[in-house]
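What follows is one structure encoded as structure tokens, with my remarks underneath.
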Number of protein chains: 2
Amino acid sequence: MKIGELAKIAKCTVETIRYYEKVGLLAASSRDNINNYRHYNKSHLERLTFVRHCRALAMSHEEILVLLQARNQPEQKCDSINQLIDDHLQHVSVRIKELQNLEAQLLTLRQQCQTPTSSEHCGILQDLELAIDDSGNNTKLSHVTGSH
Amino acid sequence: MKIGELAKIAKCTVETIRYYEKVGLLAASSRDNINNYRHYNKSHLERLTFVRHCRALAMSHEEILVLLQARNQPEQKCDSINQLIDDHLQHVSVRIKELQNLEAQLLTLRQQCQTPTSSEHCGILQDLELAIDDSGNNTKLSHVTGSH
DNA sequence: TAAACACCCTGAAGCGGCTTCAGGGTCAAG
DNA sequence: CTTGACCCTGAAGCCGCTTCAGGGTGTTTA
């Protein structure tokens, strides 16, 4: 099948597929001799599905490469896979907690201005001027990212 | 004060300050005639604190610019500020829900392999091969991002 | 048969919010 | 006069794509 068809089945864009090939998440496909179009088969689809599935779980390319490698070495033990998923779960739950903190702070902030007034006296702006004392808590958000 | 001192007080790096100046979150400071070093005063510090505070709340530069503008027009009504915070809160809570979904899926996945075996029979890898049927739910993560 | 349109190709640049690097200049202390 | 802490600039790198510029191919329709 051609790239457009693969993209449709895998529910991603043609560009994403070409990108995955470039960065090695997908093996380079065979090419049509005449027009140089890429041609894919079932195993490409399976691998792409695997990758997309991992991405839907917010795994990084690095993490996915580890899983792909494990997939290619069926005789090995799968402890490392479990470890990877556990670590990833850890990332996600840390991120959730951070965002919940953020949400609480934002709610507090929002309550500083219940009755809209002039910016000059807006409690929100006033609050943002002052540093909240989270001394040492150098609020860096961790690495499970999102896209728009 | 010089940039290093400002960075220390504002708890960010020197590079971040220079970057903020470049993208317009911070006004360009005055410079020392002799050595071209940047020189900051209290109002720079206040503005930087404001910006860092907004960033700690995961606001985008675009959002922060809106707030900075409001800060500079004290006579205007602050409805737009409230709206911005409300919208931002909305982003954050959407993101939290997405991540909680993710967490649930990862937990389910993790349970496919309670007793480590060979990769060949690892339930996790097997599950990742199959597309979870979230038909149409084209799991894109929304835009409140995090860093490492 | 030609034009229109859908699909394919490549390489480079853009996104956000920084961080890092390369390659320098400045300044105070010993 | 050298060491080391600080300052400067501009460009590139990070991630996971998306978008753009500029073109070729292949099928359908007027």
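Chain A is the first sequence line, chain B the second, and so forth, proteins listed ahead of strands; every chain is numbered from 1. Values below: all heavy atoms of this structure, side chains included; hydrogens, waters and symmetry mates excluded. Computed from a predicted structure; not experimentally measured.
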Any donor and acceptor pair, going by atom type alone, linking the side chain of [X] with main-chain N or O of [Y] inside 3.5 Å?
X        : Y        : answer
B:Asn41  : B:His44  : yes
B:Gln112 : B:Thr108 : yes
B:His88  : B:Leu57  : yes

Round to the nearest Å and state the distance from [X] atom [atom1] to [N] atom [atom2].
X       : N      : atom1 : atom2 : answer
A:Glu5  : D:dT27 : CD    : C1'   : 16 Å
A:Arg38 : D:dT25 : CZ    : P     : 15 Å
B:Lys8  : D:dA5  : NZ    : P     : 12 Å
B:Met59 : C:dC18 : CE    : P     : 14 Å
A:Leu48 : D:dC17 : CG    : P     : 11 Å
A:Leu6  : C:dC7  : CG    : P     : 15 Å
B:Asp32 : D:dC8  : CG    : P     : 10 Å
A:Ile34 : D:dT27 : CD1   : P     : 11 Å

Item checked: Closest listed nucleotide, where the reference is the side chain of B:Ser60 and the choices are C:dG17, C:dC8, D:dC7 -> C:dG17

Checklist line | Nucleotide of C:dC18, D:dG26, D:dC6 approaching A:Tyr37 most closely (side-chain heavy atoms) | finding: D:dG26

Item checked: Selection: residues 13-25 of chain B, any non-hydrogen atom under 4.0 Å of DNA chain D -> B:Arg18

Check: Hey, which of these two, A:Asn35 or B:Arg31, hits DNA chain D nearer its 5' end, going by closest nucleotide?
Finding: B:Arg31

Margin query: Does D:dC14 have OP1 or OP2 under 4.0 Å away from a side-chain N or O of A:His61?
Written below: no

Check: Taking all atoms of both residues into account, what is the closest heavy-atom pair of A:Ala56 and B:Leu102, and its distance?
Finding: O-CD1, 3.1 Å

Notebook entry, point to check: Which residues pass the side chain to side chain donor-acceptor pair (under 3.5 Å) test with A:Glu46, sequence neighbours left out?
Noted result: none

Item checked: Residues that B:Arg47 engages under side chain to side chain donor-acceptor pair (under 3.5 Å), provided they are two or more places apart -> none

Notebook entry, point to check: Using 4.0 Å as the upper bound for N to carboxylate O, is an ion pair formed by B:Glu5 and B:Lys8?
Noted result: no

